[in-house]
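Below you'll find the structure, written out as C-alpha cells, and then a few comments.
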Amino acid sequence: MAMGLINANPIIHEKKERRIRPAPETTDENAAEPIDQLEIFDHIRDIKDPEHPYSLEQLNVVTENSIELNDESNHVRVTFTPTVEHCSMATIIGLCIRVKLVRSLPPRYKVDIRVAPGSHATEAAVNKQLNDKERVAAALENPNLLDMVEECLSPTFD
C-alpha cells in the first residue's frame with residue numbers, strides 16, 4: 001500500500017460471476033482460435049490496483065464493455081477509467097493491462113490501451129505513453145516499475 005493514497009475511499013463494486021466458455025469446436029492445433037470480449041476481460045479483470053487491495057474489476061476501472069475486439073483484424077482496444085481524474089497510477093494501470101494481454105494473447109494481436117475520454121487530467125499524455133513501444137520497453141527495463149507490474153499481475157487466491 002502506498003502512503004498518502006490518491007483515492008483513500010474508492011467505491012468497491014461486486015465482482016461478476018465468471019461464465020464458462022464452451023470448448024473450441026475444432027481440434028486442429030494450428031487453427032487460429034477465435035477470441036471474444038469475455039476472454040479479454042477474464043485476462044484483465046483480476047489485475048490488482050497498485051494502490052488498493054482490490055482488482056481493476058472491483059474498482060470498475062475495467063468492464064466488459066470497455067473492451068473492443070476485432071478478431072478478423074487481430075485488434076484489441078481496452079479503455080480503462082481511473083477512479084479519480086488526477087490518478088498518478090494511471091500509467092502503471094495501463095502498463096499492467098498491456099503486459100497482461102501481450103503475455104496472454106497470441107502474438108498476432110495488436111493491443112491498444114486507452115484512458116476513457118474525459119476521465120483523466122493528462123489523458124493524451126497517458127495514452128501516448130501506453131501505446132509507444134519504445135516507452136513501454138523502457139518502462140519495463142526499470143526494475144522498480146517491473147516489480148510493481150509483476151505485483152499487480154500476481155494471482156490472488158480469494
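Rounding to the nearest 0.5 Å places OH of Tyr109 at 9.0 Å from CG of Asn70. Atom OG1 of Thr81 is separated from atom CG of Asn60 by 7.5 Å, given to the nearest 0.5 angstrom. The structure places CD of Glu57 at 9.5 Å from OG1 of Thr63, a figure rounded to the nearest 0.5 Å. Interatomic distance, CG of Leu38 versus CG of Asp36, reported as 5.5 Å (0.5 Å rounding). The CG atom of Asp42 lies 8.5 Å from the CD1 atom of Ile67; values are rounded to the nearest 0.5 Å.
No continuous path of ILVMFWY side-chain contacts below 4.5 Å connects Val102 to Val149, so the two sit in separate hydrophobic clusters.
Panel note: side chain Ser66, backbone Val62; no donor-acceptor pair is recorded below 3.5 Å. The main-chain N or O of Ala121 is never found under 3.5 Å from a side-chain atom of Glu85 such that the two would form a donor-acceptor pair. Between the side chain of Gln37 and the backbone N or O of Glu64 there is at least one donor-acceptor pair closer than 3.5 Å.
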- request: Verify side chain to side chain contact (heavy atoms under 4.5 Å, CB included) between Thr79 and Glu68, making sure each step is shown before the conclusion.
  value: CA-CA 8 Å; Thr79 304; Glu68 299 171 51; 4.3 Å; yes

message: Set out, in order, the CA-CA distance, both residues' side-chain angles and the distance that settles side chain to side chain contact (heavy atoms under 4.5 Å, CB included) for Asn74 and Leu105, then state yes or no.
response: CA-CA 10 Å; Asn74 301 316; Leu105 296 175; over 6 Å; no

- request: Evaluate side chain to side chain contact (heavy atoms under 4.5 Å, CB included) for Ile97 paired with Leu130, printing each intermediate quantity in order.
  value: CA-CA 10 Å; Ile97 294 169; Leu130 292 175; over 6 Å; no

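A pairwise comparison of heavy atoms in Cys152 and Cys96 identifies CB-SG, 3.5 Å as the closest pair. Shortest non-hydrogen contact noted between Cys87 and His120 is O-NE2, 2.7 Å. Closest of all the heavy-atom pairs between His43 and Lys100 is O-CE, 3.0 Å. Minimum heavy-atom separation, Pro155 to Lys48: O-NZ, 4.3 Å. Ser119 and Phe80 get closest at one heavy-atom pair: OG-O, 4.2 Å. Here the shortest heavy-atom pairing between Gln58 and Ser55 reads OE1-N, 2.9 Å.
For the pair Leu95 and Leu140, the minimum side-chain heavy-atom distance is below 4.5 Å.
Remark: Asp132 pairs with Arg135 by the salt bridge (charged side-chain N to carboxylate O under 4.0 Å, His left out) rule, at least two apart or across chains.
Between Val78 and the options Leu69, Ile113, Val111, a side chain to side chain contact (heavy atoms under 4.5 Å, CB included) holds for only Ile113. Of the listed residues (Leu56, Ile47, Ile44), just one forms a side chain to side chain contact (heavy atoms under 4.5 Å, CB included) with Val61, and that residue is Leu56. Between Thr83 and the options Ile93, Asp49, Leu59, a side chain to side chain contact (heavy atoms under 4.5 Å, CB included) holds for only Leu59.
When only modelled atom types and interatomic distance are considered, Arg98 and Asn131 share a side-chain donor-acceptor pair under 3.5 Å.
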